[in-house]
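Inspection log for the structure reproduced underneath, given as structure tokens.
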Amino acid sequence: MPTTPAPAKDRSAVRTLLRLWPYVRPVRARLFTAAAIAVIASCTGLVIPLVLKWMVDGPVADRDPGGVWLGALYLLLLGIAEALLFGLRRWLVARPLSHVEAEMRAGLYRHLQRLPVAFHDRWASGQLLSRATTDLMLLRMFLAFPLTFLLVNGVTILVGVAIMLLQDWVLGLVVLGPAIPVVVMCVIFENRYARVARRAQDQVGDLTTVVEESVLGIRVVKGFGRHRSQARAFHELSSTLRGTELHKARLLATIWAVIVTLPELAIGAALVLGTVRVADGELSAGTLVAFLSTALALRWPVDSIGFLLAMSQEAATATERYFEVMDAEPEDDGVPVGRAPAPASASTSASTSTSASASASASASAVPVSAPAPVAEDPPSAPATSGRYASPPEGGLRFHGVTFRYPDAEPGSPPVLDRVDLHIRPGESMALVGTTGSGKTTLTALVPRLHEVTSGWITLDGEDITAMPREELRTKVAVAFEEPTLFSASVGENVLMGAGDGADDGDLERALAVARAEFVHALPQGTRTQVGEQGLSLSGGQRQRLALARAVVGRPRFLVLDDPLSALDVHTEAAVEAALRRVLADTTALIVAHRPSTVLLADRVALLSGGRITAVGTHHELLRTHAEYARLMSGDQETDRR
Ligand SMILES: Nc1ncnc2c1ncn2[C@@H]1O[C@H](COP(=O)(O)OP(=O)(O)O)[C@@H](O)[C@H]1O
Ligand SMILES: [Mg+2]
């Protein structure tokens, strides 16, 4: 099961959050305006105690009812102003922030499409799903709320403290007393909370993976009566997550207790001290009222700091998780760094730097006498950088000393493919045969560059596939995989996915005919019938035929089929074969096959064994001359298929 790479240890929440800036930039004006409005609104609240002081020391002391009414009116107006300003802020941020979230999600999706297959092999899909959903939601909430309010509350606290100190600095210092222990506690809390938050968010990803797998694999789960063990696995993960969430809640409760209790005690002490001083006549009653109501007005900004910090930590974790995916290297658009592109004219200029290696015989005239020192001692990489353009353009699909090892394979393990040389001539169809796990699927995946060769190179009509843009490569080569994946779309859309934009209904019909997929016309809405997630409403053979239609619909020059007929009954297979033979007549094809009947479709057969091509010839030749091939093709190998 693919897992997630461990997060980097050395992290700073602020530095992490700063990476959001490019996404926030377009809406910065509104966000800053909203923050400024919130600061003003919050400070408006701080004027209320000053009005109270004026009322207590003025109209109340003078027993002047008119003055009291006036004061009450001021208070009412201030309250309304504060409420209106906060409402305005909310209205200002809602739209731009949902824009930020949508942009980030779109960016993630785009990036996921461009990441190489090797990345997706490594990452659990649930981890990617949870990043695209939960984490981005956390980020939006952070931008809407904690980000602004950390600022607003910070300013409010500073202004409030200044007002209190100005009212009476002795009482002010009493109230400020707990500030130091509270700050220390906050720092400790931040660090702990960051770790737990990360764990919780990763566990959400794992949980998503389990849900996704059991939904997609519902047939296996039910068929093998595994629902109990699946439920147990889910239950274990979800109780782990619950434990982590409770841990978070405990941390939050602790910091909250400290943040609420200490200032409360300080306010109590200030109340006692203040009352004594008012009794002694050192302080006016109005000042004490103003002081205490300022202190009380600051309670919310102080209390909320705990969970604002918690939300910020979660947002930092979400950002980190988001960028873990975004930082993964996407597929380049064509030419890897350090390799020369090969426009038509470059093939001759490149040959000036060639070595006199294997290709020399084929291109003696192209190799200059003053060729640089030969590098023939280094066969795997030397042709990859120099010798490949020396050979004259040759048609068809050709593997040149292709070695491949999966990126996550044990270092030192034997490569899956070991210096494979294979030439499929233009217009020829070649069957690829080998035992289970011999690397047939792997070999086919190298042609559309779903994986990159470890060494060696592959040419299409003489042109190195790494030298052409991926788009071009993938329009030249069409593939059908063992697992025929259909998307939630209509049958027609699924098939036409394999063609360029210009494809029409005629192409669709032709492709359906080749793949013997006429069954679609019997579907309720014909080719417009929606097929469900992964096309589950169709049979395996039906899905395979649609996948095959998708492969042939664009009339590709090169066709790579990974066991395209395995799920078909004998009669359908024969019919598909007859139709395929017509398509294959003008296409260069590599077809992974298991049954003699599929092999007979092809002009020649290549046997893949031990990572190498050990025999190439016609089916009948190999059957006679090659014991391993004969054994593989005989009926008792049927159980060993795939
Ligand atoms: N994504 C992968 N990562 C690592 N190893 C893989 C991966 N896919 C296949 N393999 C390994 O590569 C070998 C060849 O697999 P494959 O090409 O699928 O064989 P075949 O199609 O001939 O049955 C197997 O040993 C398999 O375990
Ligand atoms: Mg396979």
Side-chain angles (χ1 to χ4, degrees), residues 1-5 112 115-128 209 213 328-329 331 397 399 402-422 424 430-456 458 477-485 540-541 543-544 547-548 551 559-568 589-596 598-599 601-602 605-616 622 626 628-629 631-633 637-642:
M1 180 76 261
T3 47
T4 331
L112 283 178
L115 283 171
V117 174
F119 172 90
H120 289 281
D121 281 352
R122 214 165 54 241
W123 280 65
S125 53
Q127 286 292 352
L128 301 176
T209 306
E213 283 179 350
E329 275 298 308
E331 285 177 333
L397 164 60
F399 295 81
V402 168
T403 299
F404 179 77
R405 174 182 279 123
Y406 277 100
D408 53 351
E410 295 278 314
S413 59
V416 178
L417 299 173
D418 187 12
R419 286 163 291 154
V420 166
D421 285 305
L422 187 63
I424 302 145
M430 171 87 76
L432 184 65
V433 169
T435 51
T436 310
S438 54
K440 304 181 296 293
T441 299
T442 308
L443 188 70
T444 54
L446 294 179
V447 183
R449 285 182 74 191
L450 300 181
H451 291 290
E452 299 293 341
V453 295
T454 310
S455 66
I458 300 171
V477 181
V479 280
F481 303 102
E482 275 172 303
E483 288 301 325
T485 305
R543 280 189 285 147
Q544 268 196 345
L548 189 60
L559 195 56
V560 175
L561 304 176
D562 190 358
D563 206 16
L565 309 175
S566 63
L568 303 191
L590 177 63
I591 309 166
V592 174
H594 289 100
R595 303 186 219 180
T598 321
V599 172
L601 250 187
V605 193
L607 177 64
L608 185 60
S609 173
R612 309 211 55 165
I613 298 289
T614 51
V616 180
L622 291 191
H626 210 283
E628 189 187 348
Y629 182 78
R631 207 169 49 244
L632 202 60
M633 279 294 124
Q637 284 287 329
E638 276 294 290
T639 46
D640 196 28
R641 290 183 45 221
R642 266 193 292 170

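We're numbering straight along the sequence, starting at 1. One-based numbering, in listed order, for ligands and for the atoms of each. Atoms considered below: every heavy atom in the structure, side chains included; atoms not considered: hydrogens, waters and symmetry mates.
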(Q) Can a side-chain donor-acceptor contact be found between Tyr406 and Thr442 if the only test is distance below 3.5 angstrom? (A) yes

(Q) I'd like to know whether ligand 1 has Gly439 as a neighbour, heavy-atom separation below 4.0 Å. (A) yes

Q.
One residue to check: Asp121. Relative to ligand 1, which of side chain, backbone, both or neither has a non-hydrogen atom less than 4.0 Å away?
A. side chain

(Q) Restricting to side chain to side chain donor-acceptor pair (under 3.5 Å), what partner residues turn up for Thr598, sequence neighbours left out? (A) Glu573

Q: Taking all heavy atoms of Asp563 and all of Gln544, pick out the closest pair and write down the distance.
A: O-NE2, 3.7 Å

Q: Have a look at ligand 1 and work out which part of Leu443, if any, has a heavy atom under 4.0 Å from it: side chain, backbone, both or neither.
A: neither

Q) Is Thr441 touching ligand 1 with its side chain, its backbone, both, or neither, if touching means heavy atoms under 4.0 Å apart? A) both

(Q) As an exercise, identify every atom of ligand 1 less than 4.0 angstrom from a heavy atom of Thr442. (A) 14 (C), 15 (O), 16 (P), 17 (O)

**Q.** Contact (N/O only, under 3.5 Å) between His451 and ligand 1
**A.** no

(Q) Check whether Thr403 reaches the backbone of Asp418 with its side chain - one donor and one acceptor, N or O, closer than 3.5 Å. (A) no

Q. So does Thr436 have any N/O/S atom less than 2.8 Å away from the Mg ion (ligand 2)?
A. no

Q: Could you establish whether Gly437 and ligand 1 come within less than 4.0 Å of each other, counting only heavy atoms on the residue side?
A: yes

Q: Answer yes or no: does an N/O atom from Lys440 fall short of 3.5 Å to an N/O atom of ligand 1?
A: yes

Q.
Hydrogens and angles aside, do Ser609 and Glu628 bring a side-chain donor and acceptor to less than 3.5 Å of each other?
A. yes

Q. Do any N or O atoms from the side chain of Lys440 and from the backbone of Gly434 form a donor-acceptor pair under 3.5 angstrom?
A. yes

Q.
Using only atom types and a distance under 3.5 Å, with no angle test, would you say the side chain of His120 pairs donor to acceptor with the backbone of Leu112?
A. yes

